Amino acid sequence: MNDPSTEPIKNIENLLDQKQQAHTEDLLEWLRIASVSSDPQATDRVREAGRWVENRFQAAGLEVQWIETQGHPMVYAETPAVPGAPVALVYGHYDVQPPEPLDHWITPPFQPDIRDGNIYARGATDDKGQVLTHIQAVLRLLETGQPLPLQVKFLIEGEEEVGSENLERMLPELADRLACDVIVISDSSQFAEGQPAITYGLRGIATFELTVQGPQQDLHSGSFGGAVRNPGVALCQLIASMIDDSGRIQLDGFYDDVLPLSEEEREQFAALPFSEADFARSLGVDALAGEEGYTALERKWARPTLDVNGLTCGHQGPGVKTIIPAVASAKLSCRLVPNQDPEKIADALERHVAAHCPEGVRASVERDHGAPGLVASLDSPYVAAAKTALGAAFGKPPVMIREGGSIPIVQKFQETLGADCLLLGWGLADDNAHSPNEKFCLADYHRGIKASAHLWRELGKLKPEQS
Ligand code: BES
Ligand code: MN
Ligand code: MN
């Protein structure tokens with residue numbers, strides 16, 4: 001009971017309990033800054049959100065660097081070096097997705113509201129609330145006056161939601177500063193409420209805008225319909241030609257580089273407590289759909305997809321307007337699995353569009369950002385340390401999962417920094433990330449802070465050469 005090795009952690013747990021109110025207020029403050037990275041009108045607010053976190057680090061006496069990029073800035077901070085102990089790099093993002101559609105929010109997205117133990121605001125779970133857990137844990141540990149058992153570096157960027165292209169470009173010059181043994185990222189979810197998870201795989205992504213151009217201007221559909229090809233219909237036909245009835249994507253070569261799921265991994269997925277029927281119900285759909293021959297978890301974690309993210313064509317206002325629209329466009333994205341190359345997928349999409357575009361319209365593809373997928377090793381001492389830390393904070397050992405989302409820079413980190421990756425999600429599947437009424441459960445926030453404190457202690461016990 002009086003095991004001296006647990007004394008410091010008890011102290012920090014007490015301190016974290018005392019500071020809950022202050023931690024909540026910090027998050028509320030950060031969430032009030034509407035840092036939508038994709039909105040050219042929001043540049044100042046994006047910077048302000050960066051400054052907010054920079055100030056936190058500065059006030060706590062960390063070594064801080066404000067890093068300008070060709071786009072939104074990044075904030076770097078580090079605690080003092082600890083010889084003989086590993087170096088951890090916490091990565092996260094302070095930018096958020098656009099909040100639209102605004103009329104679907106119960107309370108405004110940038111006026112955070114606490115209801116039923118949740119904070120509702122854009123960015124609450126993705127990623128301000130989650131990355132702040134590590135910042136709070138480190139700042140409180142420093143306040144105790146005891147040295148941290150390892151060096152923690154932070155890189156908090158403002159362009160994750162738009163593809164992290166500037167960070168990727170600058171990574172070679174930043175590599176020395178970011179040198180580390182393990183990268184810690186909390187920007188995903190628990191497997192289920194109270195069931196912690198270590199995520200060892202993420203999907204990659206390739207994004208596009210497909211435009212179908214018809215007549216030089218909108219035409220009266222009575223005078224011209226039937227004689228001129230409708231770009232809206234042509235766009236739908238083009239998209240429909242990309243996926244067959246069994247959910248297989250028809251782009252030539254699309255599956256060439258896909259790493260097949262091993263039987264062992266399929267068994268591990270199947271052993272997780274997951275009900276497809278409950279999952280469908282929770283989303284308000286009467287059936288799940290996707291590639292034939294795979295379970296829902298397999299499809300969303302380890303199989304590639306092609307999706308429509310947005311469609312624009314013709315009259316969008318109230319009432320009827322009888323026209324043949326001049327143009328139709330679609331925002332498309334493919335989720336990729338490790339080993340698929342976003343560039344190759346973009347080439348395949350362009351070839352498909354060129355080969356299938358009907359006569360009488362012109363189709364063009366504009367490439368947006370892309371990023372490869374990731375699988376991380378599970379047998380590192382860092383994973384073992386994370387298991388202990390999560391077990392202590394959640395009272396239950398974590399399960400090993402993959403996730404379907406993408407964090408564009410992680411695979412580049414792995415490659416350039418040669419460090420292991422720990423993806424520890426504190427969110428929940430129903431947090432409404434990227435969606436109206438995004439939330440983060442306050443209990444998860446405070447538990448995340450504790451889990452982070454445990455993690456630093458466990459990682460601090462390792463020697464860097466153990467990796
Ligand atoms: N936090 C997410 C990534 C994520 C989502 C990881 C779900 C695990 C589960 C991240 O902020 C994100 O949304 N990434 C984008 C990247 C894209 C804009 C390049 C994504 O996945 O759409
Ligand atoms: Mn995120
Ligand atoms: Mn996101």
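Everything numeric here is computed off the predicted structure, so don't read it as measured data. Whatever order the structure lists them in is the order used to number ligands and atoms, beginning at 1.
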Distance filter under 4.0 Å to Pro408 heavy atoms, resulting ligand 1 atoms: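 Contacts of ligand 1 toward Pro408, numbered from 1: 19 (C).
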Please list, in number order, the atoms of ligand 1 under 4.0 Å from a heavy atom of His369.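 Once the distances to His369 are compared, the set is 18 (C), 19 (C).
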Identity and separation of the nearest protein heavy atom to [atom]:
atom: atom 18 (C) of ligand 1; answer: Glu161 O, 3.4 Å
atom: atom 3 (C) of ligand 1; answer: Ser406 O, 3.3 Å
atom: atom 5 (C) of ligand 1; answer: Gly405 CA, 3.8 Å
atom: atom 10 (C) of ligand 1; answer: Glu160 OE2, 3.1 Å
atom: atom 8 (C) of ligand 1; answer: Ser188 CB, 3.5 Å

For the Mn ion (ligand 3), which protein N/O/S atoms fall under 2.8 Å? Skip waters.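 Listed by chain and number, the atoms are Asp126 OD2, Glu161 OE1, Glu161 OE2, His434 NE2.
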With only distance considered, is [X] within less than 3.5 Å of ligand 1 through an N or O on each side?
X: His93; result: yes
X: His434; result: yes
X: Glu403; result: no

Going by an N to O cut-off under 4.0 Å, is there a salt bridge joining [X] and [Y]?
X: Arg266; Y: Glu298; result: yes
X: Glu343; Y: Arg367; result: yes
X: Asp347; Y: Lys344; result: no
X: Lys331; Y: Asp368; result: no
X: Asp278; Y: Arg281; result: yes

Which one holds for Asp187 and ligand 1: side chain close, backbone close, both close, or neither close, with close meaning a heavy atom under 4.0 Å?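 Both backbone and side chain of Asp187 come within 4.0 Å of ligand 1.
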Walk me through it: do Tyr94 and Trp30 pass the test ring pair (Phe, Tyr, Trp, His ring centres under 6.0 Å)? CA-CA 9 Å; Tyr94 66 80; Trp30 206 13; 7.0 Å; no
The single option from Leu28, Ile135, Ile449 passing side chain to side chain contact (heavy atoms under 4.5 Å, CB included) against His23: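 Considering Leu28, Ile135, Ile449, a side chain to side chain contact (heavy atoms under 4.5 Å, CB included) with His23 is found only for Ile449.
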For the pair [X] and [Y], name the ring-plane relationship: parallel under 30°, tilted 30 to 60°, perpendicular over 60°.
X: Tyr445; Y: Phe440; value: perpendicular
X: Trp426; Y: His134; value: tilted
X: Phe57; Y: Phe154; value: tilted

Between Arg51 and Trp66, is NZ or CZ placed under 6.0 angstrom from the six-membered ring centre and within 45° of the ring axis?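 Yes, Arg51 lies over the aromatic ring of Trp66.
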Provide the closest heavy-atom pair for Leu390 versus Ala451 in the form atom of the first, atom of the second, distance.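 Residues Leu390 and Ala451, closest heavy atoms: CD2-CB, 4.1 Å.
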Measuring from atom 20 (C) of ligand 1, which candidate in Arg335, Gln130, Lys300 has the nearest non-hydrogen atom?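 The nearest heavy atom belongs to Arg335.
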